[in-house]
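Order of listing sets the numbers, starting from 1, for every ligand and every atom in it. Note: hydrogens, waters and symmetry copies are ignored here, and every other heavy atom, side chains too, is used.
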Amino acid sequence: MNFNTQLQRKLFATVILNVFIAFVIIPFIGYSQQSIKPKPGRLAAIAHFPIGSAVGMRWLERDSVMVSLLKSDFNSITAENCMKPALIHPEQNRFNWTDADKLAEFCEKYNFRLHGHTLIWHSQVPEWMEKFQGDSTAFEAVFKDHIQTVISRYKEQTKSWDVVNEAIADNNGKWRKTFWLERLGKDYIARAFRYAREAAPAVKLFYNDYSLESDSLKRKLALKMVDSFRKQGVPIDGIGLQMHIRVDHPSLKEIEETFTKFAQTGLLIHISELDISFNEFKKEPRFKAFTPEMADRQKQRYEDVVSAYNRIIPKNQQYGITIWGFADKYNWIRPFFKQPDWPVVYDDSLQRKPAWYGFSNGLTK
Ligand code: 9MR
């Protein structure tokens, strides 16, 4: 190319510069902006079963990055708090549907499966319910009315519910001594399931508990309960293994045995509240900062648990794996126990941790 004048040279240089800006610089800026968005390979797209998260209203309405990660990685939601008795039924003659309605609408709009949590629990109960003065017939009516009113309101939107939560005591294989047990007798659990089925026949009904993978006495009683429900025709569809576990406890062997035993019930099996922490609850924390070695250990543990579920639970019983709040920033452990920990798959800056990759590897093993 011949440039006869200095003006022609200048013009040519300007054209080249503009082309460079238009085709190289601008797309590059676009790319780097995109790179803060979730990268491809959503967990829910890799999995053969639903992948869930507990969702708290405190971030659902305020943290758009969390919401975009929720939409990109997950396809099932458990109500973290807003459907619990204390929040949804604050006074005997008043239900507060506001947040639960919002969550149900969100799930409908963005096509998430909604898992209700929880109808009957000894914790997060309104004072009026716990201190109710009437006789046992009147208390039975309160119990039945609560279950049926809440489950039937969302019977189109919730595919499933934790009907009874944590009714077994720790380390003694007995029923937990709660005001429900004391006032309604041990068959209250069976009656809760019957009332729930009566009000919402198409909704899948779960019993949900923690430490079933580490407390053999608790596990034994839960299995015995399922067996006796079957004999009595009590309508139960699934078991929620919460699995708030640690990187070093319990052993993978015990987890695998737990999966095998519960799979033998033929019920749906939901890992319903998964998180994998480092420090023991309510003890002086051994781990004060999150190191790359800890991240690798946690990655392996997520991979082991997810792949064990994938392999051991028959496909038609895999109700899915729910992480209890998928970012360390919002997980319950730090605020609840007031101690450091890093239990889930996104970090405090909402970036994927090695644990995310462990989880996703487990889905294909
Ligand atoms: O994540 C929930 C947290 O925000 C509440 O403060 C806490 C109150 O007990 O409950 C947490 O969720 C629990 C769930 O409902 C039942 N299994 C144990 C969960 C962690 O505590």
Present, as a list of atom pairs with distances to 0.1 Å, all nitrogen or oxygen contacts under 3.5 Å between ligand 1 and the protein.
unit_1, atom_1, unit_2, atom_2, d
ligand 1, 1 (O), E80, OE2, 2.5
ligand 1, 1 (O), W324, NE1, 2.9
ligand 1, 4 (O), E80, OE2, 3.4
ligand 1, 4 (O), N81, ND2, 3.0
ligand 1, 10 (O), K84, NZ, 3.2
ligand 1, 12 (O), K84, NZ, 3.4
ligand 1, 12 (O), W324, NE1, 3.3
ligand 1, 15 (O), K84, NZ, 2.7
ligand 1, 15 (O), H117, NE2, 2.7
ligand 1, 17 (N), E166, OE2, 2.9
ligand 1, 17 (N), Q242, OE1, 3.1
ligand 1, 17 (N), Q242, NE2, 3.4
ligand 1, 17 (N), E273, OE1, 2.7
ligand 1, 17 (N), E273, OE2, 3.4

Is atom CD of Q232 surrounded by more than 12 heavy atoms (other residues, nucleotides or ligands) closer than 6.0 Å?
-> yes

Could you pull out every donor-acceptor pair under 3.5 Å between side chains of residues 47-55 and any protein atom, sequence neighbours left out?
none

Measure centre to centre between the rings of W332 and F281, then say whether the value is under 6.0 Å.
-> yes

Near-ring test F112/F106, centroid separation under 6.0 angstrom | yes

Would you check if the distance from the ring center of F139 to the ring center of W180 is below 6.0 Å?
-> yes

E213 vs F259 side-chain heavy atoms within contact, under 4.5 Å | no

